[in-house]
Asks: 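Before I ask anything, here is the structure I am working with.
One-based numbering, in listed order, for ligands and for the atoms of each.
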Amino acid sequence: MRVVRHTEHGGPSVLTVGEAPVPEPGPGQVRVAVRAAGVNPVDVKLRSGAMRAPLPRVPGAEVAGVVDAVGAGVADAAVGDAVVGWPVGGGYAEYALLSVYAAKPDALDWVAAAALPVAGEAALRALRALAPRAGETLLINGASGSVGAIATQLAVADGVTVVGTAAPANLDRVRALGAAATPYGDGLADRVRALAPDGVDAVLDAAGHGALPDAIALRGGVDRVVTIADSAADELGVPFLAGGAEDQTADVLRTLLDAAASGRITPPAARVLPLEEAARAHADLEAWGSGKTVLVP
Ligand SMILES: NC(=O)c1ccc[n+]([C@@H]2O[C@H](COP(=O)([O-])OP(=O)(O)OC[C@H]3O[C@@H](n4cnc5c(N)ncnc54)[C@H](OP(=O)(O)O)[C@@H]3O)[C@@H](O)[C@H]2O)c1
């Protein structure tokens, strides 16, 4: 099968397209013929070496595809099923193994379904940590991003008032999600105070880029401030929500897929590139600082 991998850390060019044996599903696993594989910032960090992982590796933490083999003990999926999940051993490939998966609703196409697990799980986890209530005001730094936009939609649907930050060009997109919007960057705290004169009750930093001091100033401390992206979290005393395999459950997938299929959330709008252009997808994400790409084998 065709697969994208890297044997060293470095720039996007360390990603090479090659051949590998089609993997065999172990107990409890399904093998899918990948229809779409999401590209995430974490893939870029793991490729560059900003985050370390054993090499060689196949990047990719979310896929949608058609089950074409099942391992021992699998009772909830059959050959031919359309599923979405977190791959074991990488997703940028023609075939991937999944231990945790859920049925893809017909209402979602392959690209939309593949774009959902990583960002959606992080959004759910962050909202669970902050527990914003109806009527409270939540500041989301990076509300235009994949995680931020899902968190914005879920919070707005629960009656939370959301103030979201974005690049100037993306402010209208954030407003369309039901949030008030303001540009990120210098002077953020003052702009948020103008939009939320009674203050903000919680802050989700879904982008990083140094917004935490403003978030702390707005909250008058670190209570109910969390980040999923800023490595300065520790020194500022802000919880960094890293997430882990224990968070990646089939229930979470079903929650996200149901929310998307019912229209409660819109999955990240994704550009589609062929698998062979994985390096370009990484280079663009690094150059642009945001944007969802889904690779299609
Ligand atoms: N800890 C975890 O569990 C976890 C899970 C998922 C993601 N993450 C991390 O969360 C971050 C966002 O992920 P994502 O998938 O949502 O990425 P994304 O879709 O690429 O979105 C990136 C967001 O960052 C914003 N941004 C770009 N430059 C900025 C700046 N200078 N100041 C403030 N905001 C800026 C973008 O706004 P514009 O597009 O409007 O410029 C956009 O809202 C990444 O760092 C990712 O690694 C962490």
Asks: Quick test of your reading of the structure: of A61, P168, A206, whose heavy atom lies closest to atom 12 (C) of ligand 1?
Replies: A206
Asks: Check ligand 1 against N170 and write out every atom of the ligand that is under 4.0 Å from a heavy-atom position of the residue.
Replies: 38 (P), 39 (O), 40 (O)
Asks: Any link between V100 and V34 through a network of hydrophobic side chains (Ile, Leu, Val, Met, Phe, Trp, Tyr) touching at under 4.5 Å?
Replies: no
Asks: Suppose I only count heavy atoms of K45 and a 4.0 Å limit; which atoms of ligand 1 are within that range?
Replies: 44 (C), 45 (O), 46 (C), 47 (O)
Asks: Considering heavy atoms of the protein only, find what lies nearest to atom 21 (O) of ligand 1 and give residue, atom and distance to 0.1 Å.
Replies: G145 CA, 3.3 Å
Asks: Can you pull out the closest protein heavy atom to atom 18 (P) of ligand 1? Residue, atom name and distance to 0.1 Å, please.
Replies: S146 N, 3.9 Å
Asks: Taking side chain as C-beta onward, heavy atoms only, is R128 less than 4.5 Å from D247?
Replies: yes
Asks: When you compare the side chain of L97 with that of V30, does any pair of heavy atoms fall below 4.5 Å?
Replies: no
Asks: What's the shortest distance from atom 26 (N) of ligand 1 to any protein heavy atom, and which residue and atom give it?
Replies: Y184 CE2, 3.6 Å
Asks: Spell out, yes or no, whether L98 and Y95 are grouped together once hydrophobic residues are joined by side-chain heavy atoms under 4.5 Å, including indirect joins.
Replies: no
Asks: With heavy atoms of A229 as the reference, note each atom of ligand 1 found under 4.0 Å away.
Replies: 10 (O), 11 (C), 45 (O)
Asks: For the pair R264 and D158, find out whether any cationic side-chain nitrogen is under 4.0 Å from an anionic carboxylate oxygen.
Replies: yes
Asks: For atom 25 (C) of ligand 1, which of G148, G291, A207 has the closest heavy atom?
Replies: A207
Asks: Among T165, I228, V118, which residue places a heavy atom closest to atom 4 (C) of ligand 1?
Replies: I228
Asks: For N141, is at least one N or O under 3.5 Å away from an N or O on ligand 1?
Replies: no
Asks: Pick, from V42, I140, V147, D230, the option with the minimum heavy-atom distance to atom 7 (C) of ligand 1.
Replies: V147
Asks: Any non-hydrogen atom of A242 lying under 4.0 Å from ligand 1?
Replies: yes
Asks: Report yes or no: do L257 and I150 belong to one cluster of Ile/Leu/Val/Met/Phe/Trp/Tyr joined by side chain heavy-atom distances under 4.5 Å?
Replies: yes
Asks: Which atoms of ligand 1 have any heavy atom of L241 under 4.0 Å away?
Replies: 1 (N), 2 (C), 3 (O)
Asks: Between D43 and R47 (salt bridge meaning N to carboxylate O under 4.0 Å), is one present in this structure?
Replies: no
Asks: Give the residue, atom name and distance (to 0.1 Å) of the protein heavy atom nearest atom 3 (O) of ligand 1.
Replies: R125 NH2, 2.7 Å
Asks: Hey, any chance L256 and V147 share a hydrophobic cluster, counting ILVMFWY side chains that come within less than 4.5 Å of each other, even indirectly?
Replies: yes
Asks: If you measure every N/O of F240 against every N/O of ligand 1, is any gap under 3.5 Å?
Replies: no
Asks: In terms of atom number and element, which parts of ligand 1 are under 4.0 angstrom from non-hydrogen atoms of G142?
Replies: 43 (O)
Asks: Does E62 pair with K292 as a salt bridge, N-O distance under 4.0 Å?
Replies: yes
Asks: Using non-hydrogen atoms of the residue, decide whether E121 is closer than 4.0 angstrom to ligand 1.
Replies: no
Asks: So if I count the atoms of ligand 1 from 1 in the order they appear, which ones are less than 4.0 Å from some heavy atom of A122?
Replies: 5 (C), 6 (C)
Asks: Can you get from V162 to V174 by hopping between Ile, Leu, Val, Met, Phe, Trp and Tyr side chains that sit under 4.5 Å apart?
Replies: no
Asks: Against heavy atoms of P41, which atoms of ligand 1 measure under 4.0 Å?
Replies: 13 (O), 14 (P), 15 (O), 17 (O), 44 (C), 46 (C), 47 (O)
Asks: Evaluate side-chain hydrogen bond (donor to acceptor under 3.5 Å, both in side chains) for S144 paired with R173, printing each intermediate quantity in order.
Replies: CA-CA 7 Å; S144 50; R173 203 148 53 75; 5.0 Å; no
Asks: Could you find the nearest protein heavy atom to atom 37 (O) of ligand 1 and give me its residue, atom name and distance?
Replies: S144 OG, 3.1 Å
Asks: Y92 versus L275: any side-chain heavy-atom pair under 4.5 Å?
Replies: yes
Asks: I need the nearest protein heavy-atom contact for atom 20 (O) of ligand 1: residue, atom name and distance, please.
Replies: S290 CA, 3.0 Å
Asks: Do you know the tightest heavy-atom contact between A129 and L241?
Replies: CB-CD1, 3.8 Å
Asks: Identify, by atom number and element, the atoms of ligand 1 in contact range of A166, meaning under 4.0 Å from any of its heavy atoms.
Replies: 40 (O)
